[in-house]
Amino acid sequence: MPPAPTRWRRGGRSPPRLLQRALLVAAFSAAALIVLILLQHRHGPEPPNPSTAAHARDSSDELLDDSPPAERDPEASHSAGTGDGSTCATVERMGEEAAGPGRGSPEQASLRVREMIRRHFELHERVRTLPAHEFCKQGFVLGKASEAGFGNEMYKILTAGALSVMLNRSLIIGQTRGLYPFGEYISYTNQSFTIHEIKHLWRKHHCARTYGRDLNIRVDIFENPAETNVLCSDWNNWKDPIIWFDGATDAVGIQFFLKNVHPRMKAAASALFGLPDSLYARPNTFGELMRAIISPSSKVQEAVDWVLKGANPDIVLHTRMMANRPVRARKAAVLCIKRALQISHIKGTPLVALVSDTPAFVKELKSDISEFAEVLYFDYKLFAKTSGLEIVGNDKPLDFRSRDWGSAPRWVAFVDFFVAAQARYAVVTGAHRRVGTTYAQLIAALAAANRHGREPSGANFTFLSSVHSNLLVEGLSTQVGWGHIWNRYAGPLSCRHQPHQCALTPFLPPAWWDGQWQSPIPRDVRRLLEYGVRLSNTGEVDKRHLVSHCRSRKDHVKRYHVLPPYKNPARS
């Protein structure tokens, strides 16, 4: 159709011939551009720049073609390319930025942190044998957990372990009525202490009477933004014998110290967690802490051996379905397993282990995966009938938690966890709603720690997130909650209407928005402001505002006595 004639104001002068030609050329150019754009959308975007991970998927068309054409968005197609001028990114592109190959060595960084942790715990194990005048000067960090969700509660212990390293204090693992959290299923390092043991040694060495040091705990509650000192105080200056950083139920709380206004605190956090703006070179800190602090109990280890029968899985798939069985989630997970297999270059028939809270979903997955792999799944009912082993503990989950945790007995999750942590090449996580739960994060972290430095596969160990298209209609905005690994990518830089994504995933979940494609959701912008942190729409921290906030407030002190304070007898 020819372009419409140009309209001119009545009574005006006729346009010169040169201008008419210029307008005609502009009209044809615009028409040609529209045709090119239509052709581009018809044939799809040009492939992204080659990388190891991009070449390793089963086929790029296979992931794209599973979603109906109506679900695809020009934004997503545009950002899947080389992306100059892109205003948003797909999850896969975000993963390339956070954990792409050739952009640093998480293994080397993790081994450095492993040595830090090893030296720390070996040094503090000797605290028990110190003479009184030295023992009474020591400081401790308390990690206390209940027996709620394993992932959230384990992060409380690991947060305390990390803080003990940062502050050069000994670690106390809290007990309830003399029992460790999940003590039937988990054994804890003997390089840590208990409150009962510290009380005994404090009395034995007369720390209060002779050295004037009462045994008390200073509590800082992370979940209370108005009172926590996580950003504004130098905790190295705290003189209390015990510090308890309470309420850090995921990977985020302890990483707030990366933005602490005191250089010494920020440096201690960076040494353990890496620089927040260097996503690809950050260590697997929580995996290394788990490796040092926990191990399966003897009964759980026997069950793990029964499941594995001497053969560790090549790939592990964890899916949190909450009693749902969406077809697209299953298809996306299968495609992501195929991508993991190609990244890993496994020869022969691979062994894939399945972990899920929904047994019916596992059965459907098993039928799909059996076409190209051997499938391993912990059948706890068969185990209970045939193994002759009995695991003591809660036989049933709490009724109100059954949809959240699944219908299996609590101990099954611990067997699953330590089976999955034996993955040799990759962990894949998927979900009905929110991908990369704390449980899945810890599986991948411990599995990577078990491989790093031990065998060649460790350097290439991979963590992948399977995100099905229904979760991406509005981009990653559904990934709310700080315990979910893609939350820091959930803002406006996440493309809408993406097809299924199988994305490389960092072992250390980010706590800030320093990466290129990270951006906060409005809810988190408001929440950070309560901590004194003003964020831009793309997540940059207003440092001047934070410093001003810290100068305007005083340290909030909440202190409890573990032993009654010593009172000097009145002189006669």
Side-chain angles (χ1 to χ4, degrees), residues 53 95 97-121 151 154-155 157-166 189 248 250-255 257-258 269-295 315-316 318 340 343-344 417-418 420-429 436-465 483 485-486 488 503-512 515:
E97 178 216 9
R103 304 192 66 185
S105 174
E107 183 185 32
Q108 290 180 7
S110 300
L111 294 178
R112 176 186 59 79
V113 166
R114 177 182 298 180
E115 182 61 17
M116 282 179 59
I117 293 170
R118 183 193 65 78
R119 289 199 309 266
H120 171 79
F121 282 108
M154 182 50 55
Y155 264 120
I157 303 295
L158 300 176
T159 293
L163 189 59
S164 75
V165 176
M166 289 167 52
T189 175
D250 48 46
V252 171
I254 189 68
Q255 293 187 75
F257 286 104
L258 292 167
S270 298
L272 193 59
F273 292 98
L275 298 173
D277 56 350
S278 299
L279 299 180
Y280 47 85
R282 302 186 72 201
N284 176 24
T285 307
F286 292 107
E288 295 300 333
L289 285 166
M290 275 189 290
R291 183 178 177 273
I293 294 173
I294 70 167
S295 59
I315 310 291
V316 166
H318 168 265
I343 290 174
S344 306
F417 180 83
F418 286 107
Q422 295 304 313
R424 297 182 60 207
Y425 296 99
V427 170
V428 179
T429 180
T437 63
T438 52
Y439 183 80
Q441 293 166 25
L442 295 179
I443 285 176
L446 184 55
N450 285 337
R451 294 293 159 227
H452 284 163
R454 283 183 51 189
E455 52 185 74
S457 64
N460 299 315
F461 195 89
T462 307
F463 186 21
L464 291 165
S465 293
I485 204 162
W486 291 102
R488 269 29 186 176
L504 294 167
T505 308
F507 296 112
L508 178 57
W512 296 93

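Below, each value reflects all heavy atoms present in this structure, side chains not excepted, and no hydrogens, waters or symmetry copies.
- Contact between Ala99 and Leu504 at its shortest, heavy atoms only, is O-CD1, 3.8 Å.
- Within the model, atoms OH of Tyr155 and CG of Leu442 stand 4.5 Å from one another, a figure rounded to the nearest 0.5 Å.
- Residue Val252 comes nearest to Pro510 through the heavy atom pair CG2-O, 4.5 Å, listed as atom of the first residue, atom of the second, then distance.
- With sequence neighbours left out, the salt bridge (charged side-chain N to carboxylate O under 4.0 Å, His left out) criterion links Arg118 to Glu115, Glu122.
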Result block: side-chain N/O donor-acceptor pairs under 3.5 angstrom for residues 286-294, not counting sequence neighbours:
| unit_1 | atom_1 | unit_2 | atom_2 | d |
| --- | --- | --- | --- | --- |
| Glu288 | OE1 | Arg114 | NE | 2.7 |
| Glu288 | OE2 | Arg114 | NH2 | 3.2 |

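- Ala421 and Asn450 make their closest contact through O-ND2, 3.0 Å (heavy atoms, listed as atom of the first residue, atom of the second, distance).
- Taking each heavy atom of Asn460 and Thr462 in turn, the nearest pair found is O-OG1, 3.0 Å.
- The shortest non-hydrogen separation linking Ala423 to Val316 is CB-CG2, 3.6 Å.
- Thr505 is linked by a side chain to side chain donor-acceptor pair (under 3.5 Å) to Ser465, counting only residues two or more places apart in sequence or in another chain.
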Next item on the list: Evaluate side chain to side chain contact (heavy atoms under 4.5 Å, CB included) for Gln422 paired with Arg451, printing each intermediate quantity in order.
Entry: CA-CA 8 Å; Gln422 295 304 313; Arg451 294 293 159 227; 4.1 Å; yes
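- Taken to the nearest 0.5 Å, the CG atom of Leu272 stands 11.5 Å off from the CZ atom of Phe257.
- Ring geometry for Phe507 against His452 counts as perpendicular: the plane angle is over 60°, on a 0 to 90° scale with 30° as the lower cut.
- Counting heavy atoms from C-beta on, the side chains of Met154 and Thr438 never come closer than 4.5 Å.
- Formation of a donor-acceptor pair under 3.5 Å by the Arg282 side chain with backbone atoms of Ala98 is not found in this model.
- The main-chain N or O of Phe461 is never found under 3.5 Å from a side-chain atom of Glu107 such that the two would form a donor-acceptor pair.
- For the atom pair CG (Asn284) and CG (Leu446), the distance works out to 8.5 Å, reported to the nearest 0.5 Å.
- In this structure, Gln441 contributes its side chain and Leu508 its backbone to no donor-acceptor pair below 3.5 Å.
- To the nearest 0.5 Å, atom CH2 of residue Trp512 and atom CG of residue Leu258 are 8.5 Å apart.
- Closest approach of Ala503 to Trp486, counting heavy atoms only: CB-CZ2, 3.9 Å.
- Pro509 places none of its side-chain heavy atoms less than 4.5 Å from the side chain of Asp250.
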